[in-house]
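To start, the structure itself, in structure tokens.
FYI, the numbering just counts along the sequence from 1. As the structure is a prediction and not an experimental result, all values here were calculated from the model. Every heavy atom of this structure was used, including side-chain atoms; hydrogens, water molecules and symmetry mates were not.
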Amino acid sequence: MIKACIFDLDGVIVDTAKYHFIAWRRLANSLGFDFTEADNEKLKGVSRMESLDLILQWGGVEADADTRLELADRKNNWYVEYISAMHPDEILPGVLDFLAELRERNIQIGLGSASKNARTIIHCLDLDQAFECIIDGNKHTKSKPDPEVFLLAAEALGISPAQAIVFEDAAKGVDAALNGGFYAVGVGSPDVLGHAHFVIPGFDGLHFNDILQGIGLLAHE
Ligand code: BG6
Ligand code: MG
């Protein structure tokens, strides 16, 4: 009954949060303030402009629309510089084996990411052929927790939400999956992702049957 798995990119396939953090922090420092890695957690799954607004708020900085666009561009140029140097060895442990198992089982594989840089990242990781559809930040407008990104992926794959499992590391991403009627698997800590159908720490050593069992679609032995 499950026909597809749809993956978030940042924090699920690869840890780009550290590059976002360095680039945003560089911007904040250039504006005369700083923020912590704990603050950075609040930016996971959040779009570029919404992230900028939060950061400016933390620094007590007000900026008009043109300046905000210029600041977001400045950060993105630094970020693209960092991610362009990424290699396939930065793919998170177990991801490649898990994708290979899905292919063997004829489960379709899609990507649903808020990032406008998703294709650059996918290319640097040598994953251009891994996804049957890529819905990135250029292809949708409504931010998670709106389910738009995952609904567009389901449509592109020709399946209904109830036939797909979404993998997400952000609380808002899990909300988006649930709002769209998908099965949601949180990748990370149950403290943050406990509202998902099932939570895994990562993909290392994980098999598709573990997921089916976790979401209640496979009887316990
Ligand atoms: C999400 C990240 O995947 O993409 C966020 O979790 C990021 O931190 C968002 O802000 C947008 O990314 P980009 O690459 O378009 O600036
Ligand atoms: Mg993410």
Side-chain angles (χ1 to χ4, degrees), residues 2 4-25 28 35-58 72 75 79 83 91-95 98 110-118 121 134-137 139-154 161-162 164-204 206 210-217:
I2 293 295
C5 288
I6 302 171
F7 295 83
D8 172 49
L9 174 65
D10 296 315
V12 171
I13 304 285
V14 67
D15 176 20
T16 42
K18 58 186 175 206
Y19 300 121
H20 278 298
F21 180 49
I22 301 169
W24 280 128
R25 201 165 170 224
F35 68 94
T36 65
E37 202 153 359
D39 293 327
N40 194 54
E41 283 297 307
K42 297 175 194 137
L43 305 178
K44 285 188 177 172
V46 178
S47 75
R48 190 181 308 168
M49 292 312 291
E50 284 167 334
S51 299
L52 175 73
D53 287 346
L54 278 172
I55 292 164
L56 293 181
Q57 214 176 301
W58 297 337
K75 177 267 176 179
Y79 177 67
I83 57 170
I91 296 172
L92 288 169
V95 167
F98 190 71
L111 191 91
S113 167
S115 174
K116 296 188 173 179
N117 295 300
I121 296 169
I134 294 179
I135 307 296
D136 63 13
K139 289 197 177 163
H140 72 285
T141 51
K142 297 181 197 143
S143 301
K144 299 168 185 176
D146 191 286
E148 184 187 29
V149 61
F150 298 130
L151 291 174
L152 288 173
I165 304 169
V166 167
F167 293 85
E168 255 293 349
D169 71 313
K172 281 187 179 177
V174 168
D175 291 331
L178 297 176
N179 288 339
F182 295 86
Y183 286 98
V185 171
V187 183
S189 160
D191 295 346
V192 186
L193 307 168
H195 52 314
H197 290 95
F198 185 45
V199 181
I200 55 172
F203 291 92
D204 208 9
L206 191 92
D210 301 328
I211 298 293
L212 292 178
Q213 201 172 74
I215 63 176
L217 293 181

Mind checking whether [X] and [Y] have side chains closer than 4.5 Å, heavy atoms only?
X	Y	result
F98	I211	yes
F203	V187	yes
K42	W58	yes
L151	F182	yes
W24	Y79	no
V95	V14	no
V192	V174	no
R48	N117	yes

Indicate the atoms forming the closest heavy-atom contact of [X] with [Y], along with that distance.
X	Y	value
L152	K139	CD1-O, 3.4 Å
K144	G112	NZ-O, 3.5 Å
D10	D8	O-OD2, 2.9 Å
F198	D210	CE2-O, 3.7 Å
G180	P161	O-CB, 3.2 Å
V12	D169	CG2-N, 3.5 Å

Going through the distances and angles, do F167 and F7 end up as a ring pair (Phe, Tyr, Trp, His ring centres under 6.0 Å)? CA-CA 5 Å; F167 293 85; F7 295 83; 4.9 Å; yes
Does NZ belonging to K116 count more than 12 external heavy atoms closer than 6.0 Å? no
Roughly how far apart are [X] [atom1] and [Y] [atom2], rounded to 0.5 Å?
X	Y	atom1	atom2	result
I2	L217	CD1	CG	5.5 Å
N40	I55	CG	CD1	7.5 Å
L52	L43	CG	CG	10.0 Å
S51	L56	OG	CG	10.5 Å

side-chain contact (heavy atoms from CB on, under 4.5 Å) partner of I6, chosen from I165, L111, V166, V149: V166
Any sub-3.5 Å donor-acceptor pair from [X]'s side-chain atoms to [Y]'s backbone N or O?
X	Y	value
E148	H140	no
H197	V185	no
D146	S143	no

Side chains of K44 and H20 only: does a donor on one sit below 3.5 Å from an acceptor on the other? no
